[in-house]
Amino acid sequence: MGQISLMSIFQNYTNGKKIFKDKDILTIKFTPNNIPHREKQIEQIALILAPVLRNEKPSNIFIYGKTGTGKSLCTNHVIEKLMETAKQNNGTAENIKTIYINCKMRKVSDTEYRLLSQLIYNFGEEVPYTGLPTDRLYQKFYQLLDAKEQNVILVLDEIDALVSKIGDGILYNLTRINQELKKSKLTIIGISNNISFIDNIDPRVRSSLSEEEVIFPPYNANELKDILKERVSLAFYPETVPDSVIAKCAALAAQEHGDARKALDLLRVAGEIAERRGFSVITEEHVDEAESRLDTDKTIEIIKTQPKHSKAVFLAILNQYRNGLKNIQTGDIFDQYAQICKKNGLKQLTQRRVSDLISELDMIGLVNAKVISKGRYGRTREINLNLSNKLIEKIEDLLSKEFVL
DNA sequence: TGTCCACTGGAAGGGAGGGCTT
DNA sequence: AAGCCCTCCCTTCCAGTGGACA
């Protein structure tokens with residue numbers, strides 16, 4: 001690219017009409033003051049947590065709802081307000097501690113040990129990242145917790161991911177710790193994307209964890225519109241976002257189980273595209289582009305972060321798919337995977353393990369795998385891909401840098 | 001009606017990478 | 001340094017299974 005065109009890019013950028021006033025408003029980090037259509041849930045949570053202000057222990061809460069229905073947002077909002085009130089309330093705040101942990105964070109809090117070390121870290125102590133017996137960590141956590149009189153509120157976000165991975169033992173222990181505490185009190189707020197999750201855990205844990213339940217239904221298109229409008233006025237300059245664009249973002253996100261995060265992402269990316277092209281107003285086409293880019297980016301990012309063998313398995317699926325196969329079976333994939341390993345000098349894993357890797361790929365949504373029975377011809381998983389051709393090309397591009405094809 | 005396929009998914013255990021205690 | 005413990009990723013072994021087919 002020559003000097004001239006570079007110049008013109010920068011010129012365009014500085015001269016072009018600005019669209020964003022404050023882009024951060026459209027990210028998850030931002031907590032709006034007003035959360036439309038969640039008044040009921042907020043009130044519910046607030047009522048449940050209010051006893052903290054009188055130094056009593058609130059009930060544990062179980063919160064369900066799909067992604068982007070405002071679970072974390074509302075919880076944080078209530079806790080923030082709670083702390084504010086406590087501060088005004090002559091120093092009860094000192095006795096309240098809140099901890100927020102996202103259980104899904106890979107390599108951070110997705111096992112019992114790592115979650116505990118996170119909890120301990122939140123009390124300002126550090127623990128080696130491997131090596132100690134788990135009960136030692138429990139002990140330490142217990143000591144830190146009970147070191148002084150305090151009311152601890154522990155938010156475990158995406159708790160279903162943790163439990164499906166390592167079982168409910170940790171929840172049992174955490175709820176039991178509470179009964180042994182002498183000075184302090186521990187309240188657990190579990191947040192789950194999966195509604196049926198609570199049915200599959202130990203009944204003792206269930207009853208203690210879901211003393212109170214709060215449900216976050218998906219937003220419909222109209223509610224999403226309200227949410228977007230609320231933020232548009234803060235994030236964008238006036239008259240840069242037509243109503244039709246808001247409606248489109250809302251409609252697209254409503255199709256996807258009413259996900260507000262998606263709606264906001266669409267708007268943000270559409271804005272970025274418009275701004276980069278020197279438009280002063282966002283158009284519906286920009287939203288379309290934003291959608292396909294969001295999908296692509298998400299998928300690519302997930303694939304990039306997979307371990308080598310998962311990538312190899314995914315590549316095997318992709319190859320089979322490219323060969324025109326639909327409803328690919330575990331066996332086919334394993335054969336293909338074995339070839340890939342051979343060509344690339346990888347030590348191949350067993351079919352048992354590959355079977356688990358396929359389930360993992362299914363869990364993170366890269367493939368669709370269903371266990372079916374073909375009668376005489378056995379029982380297997382049927383694996384399907386639903387990715388656009390364009391995306392498949394990009395993925396192949398990415399993987400060809402890592403594998404001999 | 002029973003058989004039997006091609007796996008699934010549970011269980012147990014090993015070894016690599018690590019830390020603790022003595 | 002020895003001995004013991006952990007987690008994580010993986011292997012080995014195997015019982016279990018839904019439904020097409022004889």
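Naming convention: chains lettered A, B, ... in sequence-line order (proteins, then strands); numbering from 1 in each chain. Just the heavy atoms: all of them, side chains too, but no hydrogens, waters or symmetry mates, feed the values below. The structure presented is a predicted model; accordingly, all values stated were derived computationally and were not measured.
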Proximal nucleotide (of B/dG9, C/dT11, B/dA6) relative to the A/Thr350 side chain: C/dT11

Atom-pair distance (CD on A/Gln306; C1' on C/dC9), nearest Å: 15 Å

Closest listed nucleotide, where the reference is the side chain of A/Val371 and the choices are B/dT8, C/dC10, B/dC4: B/dT8

A/His257 and A/Thr67: side chain donor to acceptor below 3.5 Å: yes

A/Lys97, NZ: over 12 other non-hydrogen atoms inside 6.0 angstrom: yes

Rounded distance (Å) that lies between atom P of C/dC6 and atom CG of A/Leu116: 14 Å

Contact nearer the 5' end of DNA chain B, comparing A/Asp356 with A/Tyr377: A/Tyr377

Distance-only polar pair, side chains of A/Asn327 and A/Asn384, donor-acceptor under 3.5 Å: yes

d(CZ, A/Arg353; P, B/dG10) in whole Å: 14 Å

Phosphate-side-chain proximity, A/Gln329 and B/dA6, N/O vs OP1/OP2 below 4.0 Å: no

Sugar-phosphate, base or nothing in reach of A/Glu382, heavy atoms under 4.0 Å: nothing

Under-3.5 Å donor-acceptor pair between A/Arg379 side chain and C/dG19 base: no

Closest to side chain of A/Arg376, choosing from C/dA20, B/dT8, C/dG18: C/dA20

Integer-rounded Å distance: C/dC6 P and A/Arg114 CZ: 17 Å

A/Arg352 side chain, from C-beta outward: closest of C/dC10, B/dG10, C/dC8: B/dG10

Shortest side-chain distance from A/Arg381, nucleotide among C/dG19, B/dC7, B/dG9: B/dG9

Pair A/Glu285 + A/Arg277, salt bridge at N-O below 4.0 Å: no

Euclidean distance, atom CG of residue A/Leu349 to atom P of B/dA16 [Å, nearest integer]: 16 Å

Nearest-Å distance for atom pair CD/C1', residues A/Gln348 and C/dC9: 16 Å

Side-chain N or O of A/Ser373 closer than 4.0 Å to phosphate OP1/OP2 of C/dT17: no

Nearest-angstrom distance from the residue atom CD of A/Glu360 to P of B/dG9: 13 Å

d(NE2, A/His309; P, C/dC8) in whole Å: 19 Å

Other residues, nucleotides, ligands: >12 heavy atoms within 6.0 Å of A/Phe123 CZ: yes

